[in-house]
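Heads up: the structure comes next, in structure tokens.
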Amino acid sequence: MAVQERLERLPYGLGRFTPAWYALAGVLLALVALGAYAYLRQLIEGLIVTGLRDLGTMRGAAWGLYITFDIYFVGVSFAGITMAALIRLLNLEALKPVSRMAELLTIIALLLAGLVILPDLGQPLRGIVNLFVYARPQSPFFGTFTLVIAGYLFASLVYFYLDGRRDAALCAQVPSRLQGFHRLWAAGYRDTPAERQRHARTSFWLAIAIVPLLVTAHSTLGFVFGLQVGRPGWFSALQAPGFVVMAGVSGIGLLLVVAAILRRVLRLQEELTPAVFAWLGRLLLLLIVIYLYFTAVELLTSLYAGHHHEVALTRALLVGEYSALYWVSMGSLVLALLLLVGQVALRAYSIPLLVLSGLLVNVAAIGKRYLIVVPSQTHGALLPYGVGWYAPTWVEYSIILGLFALGTFLYALFVKVFPIVEVPAVQGGKR
Amino acid sequence: MKTTRRTFLKGAAGGLLASRLLGGKLETLTAAPAPAAEAAGEAWVPTTCWIGKQDCGMLARRVNGRLVKLEGNPIHPRNLGTLCPKGMAQIMAVYDPNRLKTPLIRTNEKGVPGQWRQASWDEALSLVAKTLREVRARDPRRLVWQKGRSKASAFYDTAFVKATGATKLHHGAFCSDAGYRACEYTIGLHGVLHPDFRHTRYLLAWGWNLTGAGGNKLCWITWPQQMTAARERGMKIAVIDPRLRGAGPFADRWLPIRPATDLALALALCAEVVRRGAIDRDYLRKHTNAPFLVQPDGYFLRRDGKEQVWDTGSGAPQPYDAPQGQPALEGTFTYEGQILKPAFQVLKEHLAQYSPEWAASICGVPSDHIYWLAQDLIEHAMLGSTVVVDGIPLPYRPVAIMAYHVAQQELGFQLTRALLLLMMLLGSIEAVGGQRIDFTWKLHENFKKLDEIEIKDPPYNIYLKDSKFFPINSNNSALVAKVMQDPAKYGVDTLPEMAIVHMANPVLSFGSKPDIIEGYKKFKFVVVIDAWLSETADLFADVVLPAATLEKYEGPLSATDQYTDAVALRLPPMAPLYQARGEIDIYLDLCEKAELLYGKGGYLDHLNQALKLKGPYALPLDQKPAVRDIFDRWAKSQGLKEGIAYFEKHGVWVKGSIPAKKYYGYAQEPPFGGIRHRLYGESLLRYRDTMRAKGAAEIYWRDYTPLPTWRQPTMEGSPAQYDLYLISYKLIEFKQSRSSFIPLLAELAPEQRLDINPRTARARGIADGDEVWVESHNAVTGETRRVKVRARYTEAIRPDTVGMPHHYGMWVHPWAKGQGPAASELFFTGEGYVANTADQSFHVKVRVYRA
Amino acid sequence: MARYGMVIDLDRCTGCRACVEACKVENNTPRGSFWMHVFRFEEGEFPNTRVWFMPRPCMHCDNPPCAKVCPVGARYKRDDGLVATDWKRCIGCRYCEVACPYGVNCFNWKSPEKNYYLDWQDPELTARTNGAIPPYKNPDLEGRYGPEQRHVAGGGHLKGVMEKCTFCVHRVEKGLSPACVANCPLFALHFGDLDDPDSNVSRLLREKRSFRLLEELDTQPRVHYVGSGHAPGAEARQIEHVKGRI
Amino acid sequence: MRTVLAILMVLCGFALQAVSYFFLAAPLGIPSGPEYSNPRLPLAPLLFILGVMLVFLAAVVYELLPEREQA
């Protein structure tokens with residue numbers, strides 16, 4: 001046998017489905033069912049069951065929660081593959097333990113991003129078919145559809161798959177119900193030096209290829225909004241870079257949360273040292289600062305030089321109808337920033353505080369995504385239709401909740417079938 | 001509003017549907033027979049619009065027997081191939097599943113929402129005919145026939161009323177009849193004021209709701225078409241209205257006048273014109289009673305029964321029609337110990353009290369603006385100029401007034417007189433580009449009649465004709481309701497028992513809804529002929545007869561646009577839906593059952609007279625004709641060889657343009673047919689004296705003055721807390737109170753609203769869209785009424801005025817629920833709230849507070 | 001080839017919205033869909049108030065932001081200048097709607113039969129119309145139009161697709177004006193070939209001062225406004241909203 | 001051999017992307033006619049996606065291609 005190492009049993013509780021796990025899965029699947037029911041209602045009745053309505057005389061918002069969470073999910077996906085790529089390219093050995101959990105986060109987030117588009121479509125079936133047949137490169141959706149959903153997701157899967165082969169091969173030695181699965185994944189991997197070298201080479205080149213793809217994909221999503229001349233608040237060159245940075249903020253933030261949870265549940269204190277979290281915290285801090293800088297620049301531009309529609313929209317955000325959400329989002333972001341600055345300054349990192357920052361930036365991310373999507377529609381009409389309004393309905397909330405539950409379930413399931421942290425090297429069959 | 005079956009059921013609960021379920025005769029609700037074979041395929045069929053006032057020509061697109069669209073008939077002079085929003089949306093009314101489908105007979109008591117059973121036409125008409133015979137046998141005066149705006153006066157009005165001897169009530173007293181009476185009395189023409197749009201250069205749009213309603217004689221499409229064409233030629237418009245919205249962007253000047261003070265402004269304009277001497281002396285001398293000598297008692301000096309003028313040559317009075325001499329317009333003369341003044345001199349002295357500054361304080365507009373207005377008028381009147389039209393030299397006075405519903409105020413009769421006086425002073429009456437009243441020069445019988453009223457002693461008839469209360473009388477059915485509540489007060493001894501209400505909905509449409517409801521309770525038997533179950537039917541009808549909408553024959557309908565002579569018919573583009581029938585069919589059958597159809601003096605005989613069917617064209621008096629045949633005879637009698645087929649092909653018969661000779665009163669020989677326009681209303685003084693002598697209270701006689709005289713409107717007596725004026729107006733989306741249920745239209749103007757100036761609203765803590773109470777106060781009785789409605793900010797209204805459109809408030813039609821109250825609930829009728837001609841006032845003082 | 005456009009004379013518009021109704025009946029659009037809308041504006045404060053009206057069809061831009069963003073080419077520009085929507089291809093993503101600065105797109109939020117003014121699925125109505133449901137439906141709207149033979153006419157087709165003003169392509173191809181233009185009681189709307197210098201629309205544009213809406217966005221609308229009016233600015237307040245929400 | 005194949009796949013993938021993006025899908029530019037609404041070759045978007053996938057699939061092929069001498 002070419003594999004040098006041996007495992008006696010599957011690590012990290014793989015294959016052992018505890019009652020607590022079943023309870024969690026039950027709750028999650030119930031929520032998924034609720035989402036499915038809501039979607040069924042929507043399929044039957046049409047999008048009338050949502051709070052979405054036409055712009056113009058109907059004075060509504062044509063895009064709402066679905067699009068908000070689409071860009072949120074895509075944003076979150078930033079974390080994983082970026083981390084993995086950075087770790088590989090910069091050889092950040094210390095961060096290696098979060099690599100796979102980050103990659104999984106990416107894959108699941110992208111899956112959800114793809115799924116949440118379906119309820120947004122009036123004709124979902126046509127959406128799937130017609131995009132393959134007719135999609136036009138000129139539409140910013142082309143990038144979203146081909147690069148984000150297909151390219152980015154596919155690339156991530158490839159990377160994830162290749163990166164997991166070694167562990168799969170290790171696990172495949174252990175007789176279990178999962179052995180077949182692990183064997184399939186390993187696909188004949190035997191951890192020969194040639195194979196290791198080959199993998200090192202591919203993963204390097206893959207990482208190289210993924211980084212620009214990542215920037216392009218997140219920018220593409222920004223372009224969906226940023227290229228629209230007719231919508232105050234959207235038409236901005238900062239939209240694309242802003243999307244990239246905000247993606248990083250929310251992705252790293254969520255990664256902090258996921259890592260902390262897994263650390264506790266899977267008792268990974270050894271692998272996931274506070275240093276790992278500190279590293280993530282510093283990265284998050286940097287991204288928040290960049291994002292706040294972008295926000296300030298954008299705010300100043302629109303207040304100083306914007307035409308009256310731009311100013312009116314900004315007013316609605318700062319002091320008007322959306323001010324509560326706006327200041328909650330900004331407040332969360334600033335609070336996260338302060339928490340991080342404090343820890344960096346004191347060089348004392350606390351995992352709970354870092355997790356809190358991660359949660360806060362995700363609240364901010366969802367809030368800010370919503371504030372990008374919705375107010376420009378309700379308060380951004382260039383013709384005097386008057387102010388519009390949008391309030392999501394239970395159908396929209398249920399579908400989003402269902403998708404979150406689905407994502408969490410898939411994550412929880414994966415953690416039970418495959419090592420979420422790279423199996424450390426073992427010598428002589430003993431761990 | 002959603003129109004799911006559920007809401008339909010809910011809506012109709014307790015009404016039509018409930019009775020349907022109880023009655024169980026659902027088979028009568030199924031569709032009309034399948035379209036006949038010849039109707040298959042596609043065709044454009046001419047007909048005439050049914051929903052509005054002016055009967056525009058339409059082409060109906062019919063596909064396999066069903067209407068798909070209605071479009072304007074391009075050759076119809078009134079609409080030139082276009083339709084207003086109502087005309088366009090009408091197709092939905094035709095296919096409204098809530099239409100009446102069968103005759104209904106009431107099964108519960110009256111005064112509460114009706115419950116019904118479905119009846120056959122035979123049963124329903126027999127019941128009506130039996131009651132009609134009984135009531136007529138007792139006294140034909142006990143029958144009232146009431147209609148909304150007529151669609152074919154020869155049938156519904158003339159023939160039926162004459163055949164039955166019914167008392168006719170109509171809607172004019174809520175519309176513009178005060179103005180009609182003033183014009184008939186002063187100028188001798190039947191109409192209100194409108195311009196000669198082809199030539200007018202300056203127009204006073206006096207309360208003209210141009211973008212929302214239209215004007216007298218014609219409805220909305222024709223007048224705005226002519227107005228915009230005139231503006232493109234350079235006509236200027238000054239708008240006098242508390243509310244600008246109606247004029248839209250077409251106002252070159254806006255005088256936001258305080259409601260009900262129009263008379264003060266009109267008098268000040270007259271005074272300023274007289275002060276500046278910008279008067280058409282020639283016209284006044286020759287064609288008005290301005291030179292007639294007035295005695296100190298206010299009556300004309302008469303010798304041998306003839307009015308006298310002062311001949312400046314001989315220095316003595318002479319008959320006004322003496323061929324020689326130069327009658328004086330001004331001066332004070334003493335003759336045989338009597339001080340005599342020409343009527344114009346009396347007017348001049350009368351006007352001296354009405355300066356622009358005085359009017360400014362009353363009307364709430366700057367006096368500068370009144371001076372400007374007078375200046376504009378004088379400048380554009382081009383006194384002394386003439387123009388040749390159709391080879392006839394005629395005076396050219398291109399200034400005119402458009403005034404229509406503005407006549408509907410307490411001083412409306414005298415206001416209209418004052419407006420006419422202003423135009424008389426400028427010599428613009430019937431001059432080219434000047435003031436027009438009717439389409440053609442046609443002296444109305446009321447010119448004489450209204451001058452010769454003999455005020456009788458009680459008992460009076462139900463609408464107080466020739467009474468000491470309202471000698472000039474526009475037959476106001478809200479007042480009738482008032483009389484029915486207290487007949488003794490008005491000296492009325494015979495109350496009507498039976499009413500046939502034809503396509504009218506007095507409970508909602510007219511003023512003072514609570515009075516109408518109380519009054520109509522007294523009718524013992526009410527028949528409603530309508531396409532929908534109206535609120536009047538809901539509360540009071542014993543029998544409801546389902547009328548067709550436009551799928552019927554009706555006519556003849558005038559199609560003139562005031563310059564072109566044309567006539568049209570309404571033709572059924574398809575068979576009537578359900579069991580609905582055309583009204584003429586209904587009347588023929590009803591008269592037959594009531595034994596009023598045949599023979600001399602019967603309905604058919606009156607039809608012949610009304611349609612002037614003689615000789616070979618006359619209907620035989622012994623057999624019931626088909627309606628198409630009646631119109632065929634009529635068309636042939638008019639010289640159309642093809643008969644009705646001509647209309648079935650073209651829809652309208654355009655006869656050509658109206659020559660100046662028929663058009664301008666000035667072009668008559670002698671001009672105006674030789675009559676003298678009444679600058680001075682001597683007979684009004686006579687009525688006043690008679691009314692006083694017969695013991696009528698001052699509130700009845702005070703406005704019977706020979707010259708229009710300003711006084712405070714009665715409503716000003718309301719306590720100070722009622723600090724706002726309520727006005728009412730029409731929206732372009734709806735026709736009267738009867739179309740707000742058409743969903744296509746309701747979507748454009750979904751609910752009742754109170755127009756309020758933001759300043760006024762904010763001072764009361766009212767935000768845009770807030771619900772408010774509007775509470776009106778009757779200054780005479782102290783009664784208050786209130787409705788809840790949503791406030792809407794507008795800067796296009798005076799801060800002391802609020803407005804409510806005259807629609808909504810329907811409660812029977814399931815699609816009209818939740819639209820808010822009718823404005824008619826807030827207006828009062830009776831003393832202080834009607835004109836001296838019994839015309840309804842649509843002004844009242846209100847207070848507005850948050851709900 | 002003719003390239004059509006519309007010229008709207010603001011000096012003639014009385015804001016009656018007859019064009020709106022003509023459009024609705026001609027195209028069988030559902031509730032809350034205003035392919036043609038007429039703004040009613042108020043400006044200034046009492047007594048210096050100005051009231052004016054502005055019809056707003058689809059602008060049929062020459063640089064149409066909606067067609068640019070359409071991911072599947074359901075929204076496209078025709079050679080005759082019309083911006084069309086292929087309701088058989090539309091996936092209902094509503095990108096055109098958010099991209100359009102004029103607010104002219106109308107989505108079918110529910111099944112048009114259930115969102116029509118008369119509920120076509122109401123059994124009572126079904127019984128009463130002898131099965132010919134709806135009672136009036138323009139038979140021209142189902143067909144294919146243009147050399148490309150696509151489904152671009154009329155509205156109320158099916159739930160979940162976008163619809164908007166078609167310039168009444170089914171009428172234009174028959175040589176008729178759009179329904180709104182044909183019906184305008186004040187003749188304020190004009191339709192014709194903007195490439196033909198002798199057309200009524202070209203003549204009007206030469207004779208009167210004109211502007212287009214949001215010209216600064218370079219969408220190049222094919223709808224021109226003529227007359228003494230101006231594009232609505234910050235001071236224009238819309239009054240008398242239509243009931244848009246469904 | 002392995003490297004050559006992978007590089008070939010990457011190149012093919014990019015080429016496929018470029019060709020389908022620029023020449024086979026609906027044209028870029030102001031959409032001034034119906035031709036901007038249809039791909040020049042039906043299913044061109046699918047080709048583009050296949051191109052993207054091909055690039056990344058190269059990595060899988062590179063790693064998973066069985067070693068001939070050992071097989």
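Reminder, nothing fancy here: chain letters follow the sequence lines and each chain counts from 1.
- With respect to chain C, the highest number of heavy-atom pairs below 4.5 Å among D:Pro39, D:Gly33, D:Ala26, D:Pro34 belongs to D:Pro34.
- Evaluation of the salt bridge (Lys or Arg N to Asp or Glu O under 4.0 Å) rule for C:Glu21 yields no partner, not counting sequence neighbours.
- Counting heavy-atom neighbours within 6.0 Å of D:Phe23 CZ, excluding the residue itself, gives a total of 12 or less.
- With a 4.5 Å cut-off on non-hydrogen atoms, C:Val72 touches chain D through its backbone but not through its side chain.
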Taking only distance into account, so ignoring hydrogens and angles, what donor-acceptor contacts under 3.5 Å exist between chain C and chain D?
{"unit_1": "C:Arg89", "atom_1": "NH1", "unit_2": "D:Ser37", "atom_2": "O", "d": "2.9"}
{"unit_1": "C:Arg89", "atom_1": "NH1", "unit_2": "D:Asn38", "atom_2": "OD1", "d": "2.8"}
{"unit_1": "C:Arg89", "atom_1": "NH2", "unit_2": "D:Asn38", "atom_2": "OD1", "d": "2.5"}
{"unit_1": "C:Arg150", "atom_1": "NH1", "unit_2": "D:Ser37", "atom_2": "OG", "d": "2.8"}

